[in-house]
Amino acid sequence: MKTKFIFVTGGVLSSLGKGLAAASLGALLQARGLSVTIQKLDPYINVDPGTMNPFQHGEVFVTDDGAETDLDLGHYERYLDVPMSHKNNTTSGAIYNRVIAKERHGDYLGGTVQVIPHITDEIKAKVLSLAEGDDAPDVAIIEIGGTVGDIEGLPFLEAIRQLRSDLGRDNCLNIHLTLVPYLKAAGEHKTKPTQHSVKELLSIGIQPDIILCRCEQQIPEEMKRKIALFCNVDQDAVFCSVDVENIYQVPLKFYEEGFDQKVAIMLRLPARNAHLDDWEKLVHDCATPTGKVSIAIVGKYVDLKEAYKSLHEALVHGGIANRVDVELKYVNSEEVTEKNVAENLKGCQGILVPGGFGYRGVEGKIEAIRYAREHNIPFFGICLGMQCAVIEFARNVAGMADANSEEFNPLSAHKVIYLMTEWFDFRTQAVEKRDAGSDKGGTLRLGAYPCKVQPKTKAFAAYQREMVQERHRHRYEFNNAYKDVLGEKGLVFSGTAPDESLVEIVELPNHPWFVGCQFHPEFKSRPMKAHPLFRDFIAAAKAFAKK
Ligand code: GLN
């Protein structure tokens, strides 16, 4: 097997940035000429995060193959620029689901099915699946969700403990990320939480090879030596992950520390010198904008920024491509009314309505869209945002006062957005291909589908291509029965499925930039390669700011 494995665990607390650390290490190894993939193992019982409330769990990241995954996969794709798939994420729920299905099928031949070995074997198989095939990567980084000491994480830790003896020391590396707090009153960094966390890890049989310390400021060398001594790792195997202003600085910071070099040496990787020009240029461009634009995100989950993680990043990428700082203003759509809409959106050069589910906050989104349309403010509607733009146009331009989506009012006389029943069979098949589905998830259109872009439109100006692939996660569609009447009133259908059965992009020609898309372009945006629609949206906002 050519693939070598790096296991990343976390201790002390959650939200230490394990995902970013894994992604940044991956980017550095890639810059050293190695092929890399990253997998996230999530200990929760949901089969996938698709059914979880974004308020609790943050964004659901959708892959090309239609897997609904953890938002860390978004970081992986953005840092590696390699597409993730259902192979790159699993959960306790999915693992148990598989084992129980096999048990029902009689695969265990009368045996007692247990956590060890059956659950752990299933986890190991999922990890090892990354090393299969001709295109197996040189390195697979496995991030274990949660914190060492969590009851639900134990089978995953046991599985990686076993993998090390299965595959040998040269092929596996354990990295433990902990917190090293700085106590202002004492005037020093504290290593005790790290020692306790490593002790916990040792008690389940895992000796970390490298300790990565999340800290507010650089830790002194003697402190690193102390951690090395107490935690039983090489003197030069303790690294800092210092707080940064911009997350795209992390790979360069790690490089300065010599983190990737130590990893390459310990795993005996055939690594060349790192080529980091792209990352340096990126960080330089981020730090030296030539202007600023304010973008209002009018949505429901404004209290938890993680719920719009990819969106937020895609807007930042659009800013980098246009050399402007993008200031995001999160506006709670539930509070937007016809009376206060101007006040709420004051000072913004662009308005974005993101995806979402359910009626709550929809009328506020429609008000914001009307405001953007009537005041020629650049507007970008994504998924539900596009559906709301169609509703707004039908109501206020085409005079269908009760126009709505079937999702919000099944009794509306003008269901301009509706459930397209003939797609059900097709969707169900797509979903059956996934690890497992739920009834709720089962009716969603998920993953990448082709979209044909009409020439001489804003969408075409952005893509410069007639055929594109974009990722979807929705249940409702534009109702083709309204194509003619809304078209006559000036709505342009600039993107459709190749056979024209589904509307994918709508826009207004007599507006500086008013575009809505049924798919989620934010999932495919990269820091060094902004998504064309985000790039052009920010360019329009920049032009609006100049005026
Ligand atoms: N609720 C809408 C639908 O199901 C939009 C979904 C979304 O924005 N992701 O079609």
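Looking at K542, its side chain does come within 3.5 Å of a backbone N or O of N322 through a donor-acceptor pair. Between the side chain of Q39 and the backbone N or O of K126, at least one donor-acceptor pair lies under 3.5 Å. Using a distance-only test at 3.5 Å, with no hydrogens or angles considered, no donor-acceptor pair links the side chain of E477 to the main chain of L502. Side-chain atoms of D65 come within 3.5 Å of backbone N or O of H86 as a donor-acceptor pair. A distance-only check finds no donor-acceptor pair linking the side chain of D42 to the backbone of Y44 [under 3.5 Å]. H511 contributes a side-chain N or O that, together with a main-chain N or O of I377, makes up a donor-acceptor pair within less than 3.5 Å. Remark: side-chain polar atoms of H375 are paired, donor with acceptor, to backbone N or O of Y371 under 3.5 angstrom. Looking only at distances, a side-chain donor or acceptor of E59 sits under 3.5 Å from a matching main-chain atom of S310. Formation of a donor-acceptor pair under 3.5 Å by the H414 side chain with backbone atoms of S412 is not found in this model. Between the side chain of T91 and the main chain of V47, a donor-acceptor pair closer than 3.5 Å is present.
Expressed to the nearest 0.5 Å, how far OG1 of T290 lies from CZ of R323 amounts to 6.0 Å. Atom-to-atom distance recorded for E500:CD and K483:NZ is 5.5 Å, nearest 0.5 angstrom. A distance of 11.0 Å separates CD1 of I391 from CG of N396, quoted to the nearest 0.5 Å. From F393, atom CZ reaches atom CG of L486 across 6.5 Å, with rounding to the nearest 0.5 Å.
Aromatic ring pairs are classed by plane angle as parallel below 30°, tilted from 30° to 60° and perpendicular above 60°; the pair H472 and F519 is perpendicular.
In summary, K529 and D81 engage in a salt bridge, as defined by a charged side-chain N under 4.0 Å from a carboxylate O. With respect to E77 and R526, a salt bridge is recorded, a charged nitrogen being found less than 4.0 Å from a carboxylate O. E363 has a carboxylate O that lies under 4.0 Å from a charged side-chain N of R395, or vice versa, which qualifies the two as a salt bridge. E334 and R360 are joined by a salt bridge, as a carboxylate oxygen and a charged side-chain nitrogen come within less than 4.0 angstrom of each other. Electrostatic pairing of E504 and R445 counts as a salt bridge here, judged by a charged N lying under 4.0 Å from a carboxylate O. Between E407 and R475 there is no salt bridge, since none of the side-chain N atoms of the basic residue sits less than 4.0 Å from a carboxylate O of the acidic one.
Residues I119 and Y96 meet the side-chain proximity criterion, which asks for heavy atoms closer than 4.5 Å. When side chains are defined from C-beta on, Y482 does not count as touching K415, because their heavy atoms never get closer than 4.5 Å. Annotation: side chain of M528 is in contact with side chain of W279 (closest heavy-atom distance under 4.5 Å). With a 4.5 Å cut-off on side-chain heavy atoms, I38 and H75 do not count as touching.
Heavy-atom neighbours of E338 CD from other residues, nucleotides or ligands within 6.0 Å: at or below the threshold of 12. For E245, the CD atom sits in a loose shell: 12 or fewer heavy atoms of surrounding residues, nucleotides or ligands are nearer than 6.0 Å.
Aromatic pair F380/F534: centroids less than 6.0 angstrom apart. Between H531 and Y463, the distance from one ring center to the other falls under 6.0 angstrom.
In summary, the side chains of D70 and H57 do present a donor paired with an acceptor at a separation below 3.5 Å, with no hydrogens or angles considered. Counting only N and O atoms by type, the side chains of E152 and S92 include no donor and acceptor under 3.5 Å apart.
The shortest heavy-atom contact between R535 and A321 is CG-CB, 3.8 Å.
Screening I320, L533, I295 for a side-chain contact (heavy atoms from CB on, under 4.5 Å) with I538, the sole residue that qualifies is I295.
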Next on the checklist: Working note: R78 + Y248, criterion side chain to side chain contact (heavy atoms under 4.5 Å, CB included); need CA distance, chi angles, decisive distance, verdict.
Outcome noted: CA-CA 10 Å; R78 287 188 282 275; Y248 298 117; 3.9 Å; yes
